[in-house]
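Quantities reported herein were computed from a predicted structural model and do not represent experimental measurements. Throughout, protein chains are lettered first and strands after them, A, B, ... in sequence-line order, and every chain is numbered starting at 1.
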Amino acid sequence: MVPIAHYLILSALLFAIGTIGVVISRNLIIIFMAIELMLNAANLAIITFSRMNGNIDGHAFVFIVLTVAAAEAAVGLAIIIMIFRNKETINADKYNLLKR
Amino acid sequence: MLLETVIFYSAAVLAIGGAVMMIRQQNPVASVLYFIVSLVAQAILYVQLSALFVGALLIIIYAGAIMVLFLFVIMLLNLRGERFEGSQSKLGSGTKFILSIIFFIEIAFVIKQMVFAPGTEIQAGQLADNFGSVEMVATHLFREYLYPFELTSILLLVAIIGAVVIARREKTDTEREI
């Protein structure tokens, strides 16, 4: 059996890659996918803890997190479409309406 | 015993490699495809952690539905010729990268403190035979988590209505007259 800590380290690594994607990437769609990646990393940690304790509660949590991710993707992509219609770009640096 | 280790490490490498390639791409379509690779590897890890049902859900919902939604939006946006160089941020991307690495080290340190403590290894054979099967997850979901489960339907309804309202094109005056 692979040690449980390896799964958690992998989950932390995926989460860190997600944060790197959010702060470095300028493409709005890639930023959005990096957020999804962070959600998935958290899911992996939940599943790992569920396996560790032999408790099925974690699976129900992950189920609900998946639903939330689907809802978030729908609303977020709608926002991206609307903002693209107004600014004609998905470069996050070009969105500076509140800065001016 | 050995096979599990091999599967774990190859799936882990695939998951991390897919994620890294995802945030390095310029082309969003390639980025989506790399994310799907990462998701499939994560689903393998779920199955290895005896979460069969949730692993299948991950492939069906994420790779099958959400990522296809992303692809459709990318096709709708017509991003040909968009460039992403020349960040306007005050912090360089090197600084951001280092900050994220520090963040990872912090998480890994906490995990090391908590999980590598003695007495926290998985005891094999401790689980029920049908742990993570559809039957067991469903029984649990519909008994203990019935209200949260029903609330997700309201959440999805609100998300559908919100997405339609946000993405709807405002009618111009001429269209309204017609």
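Neither the backbone nor the side chain of A/S11 comes within contact range of chain B; no heavy atom of the residue lies under 4.5 Å from a heavy atom of that chain. For A/V22, no part lies under 4.5 angstrom from a heavy atom of chain B. Of the atoms belonging to A/L14, it is side-chain heavy atoms, and not backbone ones, that fall under 4.5 Å from chain B. In this structure, the portion of A/L10 lying under 4.5 Å from any heavy atom of chain B is its side chain and not its backbone. Only the backbone of B/R168 has a heavy atom closer than 4.5 Å to any heavy atom of chain A. Proximity to chain B involves both the backbone and the side chain of A/V23, based on heavy atoms less than 4.5 angstrom apart. Within the 4.5 angstrom heavy-atom criterion, atoms from both the backbone and the side chain of B/V32 approach chain A. Neither the backbone nor the side chain of A/E72 comes within contact range of chain B; no heavy atoms are under 4.5 Å apart. If you measure heavy-atom distances from A/I46 to chain B, you find no contacts under 4.5 Å at all.
A single hydrophobic cluster is not seen to contain both B/F8 and B/V37; linkage of ILVMFWY side chains at heavy-atom distances under 4.5 Å, directly or through other members, places them apart. When the side chains of ILVMFWY residues are joined at heavy-atom separations under 4.5 Å, either directly or via intervening members, A/Y7 and B/Y9 end up in a single hydrophobic cluster. Residues B/V20 and B/L45 share a hydrophobic cluster, clusters being chains of Ile/Leu/Val/Met/Phe/Trp/Tyr side chains in contact below 4.5 Å. Linking Ile, Leu, Val, Met, Phe, Trp and Tyr residues whenever their side-chain heavy atoms come within less than 4.5 Å places B/L146 and A/F61 in a single cluster. In the hydrophobic cluster analysis, where Ile, Leu, Val, Met, Phe, Trp and Tyr join through side-chain heavy atoms closer than 4.5 angstrom, A/I79 is grouped apart from A/I31.
With rounding to the nearest 0.5 angstrom, the OG atom of B/S50 is 6.5 Å from the NE2 atom of A/H59. Once rounded to the nearest 0.5 Å, the distance linking CG of B/L39 with CE of A/M33 reads 10.5 Å. Rounding to the nearest 0.5 Å places OG1 of A/T19 at 8.0 Å from CD1 of B/I101. Atom CZ of B/F35 and atom CD1 of A/I30 lie 12.0 Å apart (nearest 0.5 Å). Here the CG atom belonging to A/L77 is positioned 9.5 Å from the CD1 atom belonging to B/I66, to the nearest 0.5 angstrom. For the atom pair CD of B/Q48 and CZ of A/R51, the computed distance is 10.0 Å after rounding to the nearest 0.5 Å.
Considering every non-hydrogen atom in both A/I56 and B/G132, the closest pair reads CD1-N, 3.5 Å. Here the closest non-hydrogen pair linking B/A159 and A/A71 is CB-CB, 3.5 Å. Shortest non-hydrogen contact noted between A/I64 and B/P148 is CD1-CB, 3.8 Å. When every heavy atom of A/A16 is checked against every heavy atom of B/F104, the shortest pair comes out as CB-CB, 3.4 Å.
Between A/L39 and B/Y62 the shortest side-chain heavy-atom distance falls below 4.5 Å. For the pair A/H6/B/T5, no side-chain contact is recorded, criterion being any heavy-atom separation below 4.5 Å from C-beta on.
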Practice item. Apply the test side chain to side chain contact (heavy atoms under 4.5 Å, CB included) to residues B/L77 and A/I29: give CA-CA distance (whole Å), side-chain angles for both, the deciding distance (0.1 Å), then the verdict. Key: CA-CA 11 Å; B/L77 291 185; A/I29 290 184; 4.0 Å; yes
Check your understanding: So B/Y46 and A/L44, side chain to side chain contact (heavy atoms under 4.5 Å, CB included) or not? Walk me through it.
Key -> CA-CA 7 Å; B/Y46 282 21; A/L44 182 61; 3.5 Å; yes
Practice item. Let me see the working for B/I23 and A/S25 under side chain to side chain contact (heavy atoms under 4.5 Å, CB included), right down to the final yes or no. Key: CA-CA 7 Å; B/I23 63 173; A/S25 177; 5.6 Å; no
Exercise for review: For the pair B/L58 and A/N40, evaluate side chain to side chain contact (heavy atoms under 4.5 Å, CB included) and give the outcome as yes or no after the intermediate values.
Suggested key: CA-CA 9 Å; B/L58 192 78; A/N40 271 316; 3.4 Å; yes
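Interface check for chain A: of the options B/A19, B/S100, B/S38, the most heavy-atom pairs under 4.5 Å are formed by B/S100.
Screening B/I61, B/L151, B/T152, B/L57 for a side chain to side chain contact (heavy atoms under 4.5 Å, CB included) with A/T67, the sole residue that qualifies is B/T152.
For B/Y34, the OH atom sits in a loose shell: 12 or fewer heavy atoms of surrounding residues, nucleotides or ligands are nearer than 6.0 Å. Other residues, nucleotides and ligands place no more than 12 heavy atoms under 6.0 Å from the CZ atom of B/F72.
Note: A/F63 and B/Y145 fail the aromatic proximity criterion, with ring centroids not under 6.0 Å apart.
Taking the six-membered ring where the residue is Trp, A/F15 and B/F103 present tilted rings, their angle falling between 30° and 60°.
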